Amino acid sequence: EKIRAPLKVFMYDLPPEFHFGLLDWKPEGNGVWPDIRTKVPQYPGGLNLQHSIEYWLTLDLLLSELADPAHIGSAVRVQNSTEADVVFVPFFSSLSYNRYAKVRHKEKRSMNKVLQEKLVKYLTAQPEWKRSGGRDHIVLAHHPNSLQEGRMQLWPAMFILSDFGRYPPNIANVDKDVIAPYKHVIKTFVNDSSGFDSRPILLYFQGAIYRKDGGIARQELFYLLKDEKDVHFSFGSVQRGGIQKATEGMHSSKFCLNIAGDTPSSNRLFDAIASHCVPVIISDDIELPYEDVLDYSEFCIFVRTSDAIKDKFLINLIRGIGKEEWTRMWMTLKEVENFFEFHYPSREGDAIQTIWQAVARKVPSIRLKIHKSKRFSHYDAPKYQGLALAKLPVNFAE
């Protein structure tokens, strides 16, 4: 993309209980942020990392205040909200869900629910929210189960999500919100000199086979593919060396299956990209990061679920892709992989910078909505009416 001015972001100084306090970081004095010049609080590993987007974006904003202006990336924190393009809400909602969704000890409600209630109360009392009705706010809820209560009240904001599988379309949609990649958990294939002939496995899948909802296709595909030669289709998890086994398997495979599970997306797609294993996407409702600027058909194979579960359809399609076409897609994967890598400090063209750019592309639409809401303000001054709890559409299954 053309070089452009960085996105100007106003970030609330929320109390630590909403962000780094969830990582057991303790503030010194009245400060709410860690001194990242001396030590950066660590995010928990394993599968927690796949939904850690909130952590990386917050760190990037904090670092932007310390950076040389000549080296600022795609976003910079500003202290005056009237100068900002967007307002960032630093609530680590995915971590809150993963760690505190269960009711503990003598609690009547989980800490996760309490934090959401506090967040809604705090945000709706702020002049920034009242000024725009929340339309220019960024709220992160990358884990599909995060922010379950708050999403129904904070729906005017821009959500950063992994997919729309558990959201009704009046709460989250591709016009208003941003889809961000998972952080892959397997190792990046550094200095990959493999090729078509040196990857012995044709098609690879390792994960949960029996899933509910849209994931029923996994079970049907298992029975269709389990006896095919050079196909690896088996149950697997992160336990007992599962991540290492998946790394070795994907690095040895030409194609990697990404099949809808409980939700349309999964981290498996981004593990495949990091492995330079051509993704085969079987998920009719999937939304993909940056698809307005990135053509996934250049490095992925898309198959409708109804076609994939036909006898021999999928295996014949994959076997029909020759060395030349596969090599072209493999080379493209190596060209685009940086868009899905998370670094601290962030680097030009990495996932953090690219997510900020995706947010920036939404800014004109946000401004249009805010400006239209002010049309009659000369004689009918708009008054903030408080939150309107969004209604679920008919037949929407949570």
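Heads up: numbering here begins at 1 and tracks the sequence. Everything quoted here is computed from the prediction, not taken from an experiment.
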Any non-hydrogen side-chain atom of [X] less than 4.5 Å from a side-chain atom of [Y]?
X    : Y    : result
I321 : V278 : no
L288 : L269 : yes
L317 : V280 : no
L224 : F313 : no
H142 : Y182 : yes
N258 : I286 : yes
M331 : T327 : yes
F10  : E83  : no

Seminar exercise, completed: From the list P90, P27, P16, side chain to side chain contact (heavy atoms under 4.5 Å, CB included) with V32 holds only for P16
Nearest 0.5 Å, please: how far is [atom2] in [Y] from [atom1] in [X]?
X    : Y    : atom1 : atom2 : result
I53  : H51  : CD1   : NE2   : 8.5 Å
R199 : S275 : CZ    : OG    : 7.0 Å
L14  : L123 : CG    : CG    : 7.0 Å
R319 : L203 : CZ    : CG    : 9.0 Å
I281 : T305 : CD1   : OG1   : 11.5 Å
K8   : T82  : NZ    : OG1   : 9.5 Å

Problem set entry | Ion pair K312/E228, N-O distance below 4.0 Å | yes
Donor-acceptor pair, side chain of [X] and main chain of [Y], under 3.5 angstrom:
X    : Y    : result
S94  : S52  : no
E325 : K323 : no
K176 : I171 : yes
R218 : I259 : yes
Y296 : P289 : yes
K226 : F233 : no
D85  : L7   : no
K362 : D175 : yes
H251 : K187 : yes
E54  : S93  : yes

Is it true that [X] and [Y] fall in one hydrophobic cluster, defined by side-chain heavy atoms closer than 4.5 Å?
X    : Y    : value
V178 : V174 : yes
F196 : I301 : yes
Y97  : Y55  : no
L57  : W25  : yes
L59  : V89  : yes

For this session: Not counting sequence neighbours, list each pair that qualifies as a salt bridge (Lys or Arg N to Asp or Glu O under 4.0 Å) and has a residue in residues 20-30.
Result: D24-R99
Problem set entry | Qualifying salt bridge (Lys or Arg N to Asp or Glu O under 4.0 Å) pairs with a residue from residues 283-302, counting only residues at least two apart or across chains | D292-R361
Problem set entry | disulfide bond (SG atoms under 2.5 Å apart): pairs with one or both residues in residues 260-306, sequence neighbours excluded | C256-C277
Exercise. Would the H232 and F205 ring centres measure less than 6.0 Å apart?
Worked result: no
For this session: Answer yes if the ring centres of Y290 and F340 are under 6.0 angstrom apart, and no otherwise.
Result: yes
Do the rings of [X] and [Y] sit parallel, tilted or perpendicular, given the 30° and 60° boundaries?
X    : Y    : value
H276 : F189 : parallel
Y122 : Y12  : perpendicular
F18  : F91  : perpendicular

For this session: Compute whether any side-chain donor of one residue and acceptor of the other, for H137 and E128, lie under 3.5 angstrom apart.
Result: no
Problem set entry | Least distance between heavy atoms, A101 atom then N112 atom | CA-CB, 3.8 Å
For this session: Please say whether the positively charged group of R151, taken as NZ for Lys or CZ for Arg, lies over the ring of Y167, i.e. under 6.0 angstrom from the six-membered ring centre and within 45 degrees of the axis.
Result: yes
For this session: Kindly determine whether D136 and R131 satisfy side chain to side chain contact (heavy atoms under 4.5 Å, CB included), including the steps that lead there.
Result: CA-CA 9 Å; D136 58 356; R131 190 163 59 225; 5.7 Å; no
Exercise. Under the salt bridge (charged side-chain N to carboxylate O under 4.0 Å, His left out) criterion, do K310 and D307 qualify, and how do the steps go?
Worked result: CA-CA 5 Å; K310 295 175 183 175; D307 291 327; 3.0 Å; yes
Exercise. What do the steps show when you test L23 against Q42 for side chain to side chain contact (heavy atoms under 4.5 Å, CB included), and what is the final call?
Worked result: CA-CA 7 Å; L23 295 170; Q42 293 298 303; over 6 Å; no
Problem set entry | Contacts of E65 that satisfy side-chain contact (heavy atoms from CB on, under 4.5 Å) - sequence neighbours left out | L62, R77, Q79
Problem set entry | Residue list, salt bridge (Lys or Arg N to Asp or Glu O under 4.0 Å) with K369, at least two apart or on another chain | none
Seminar exercise, completed: So the side chain to side chain donor-acceptor pair (under 3.5 Å) pairs with at least one residue in residues 341-352 (sequence neighbours excluded) are D60-S346, H184-E341, T188-E341, S346-Q353
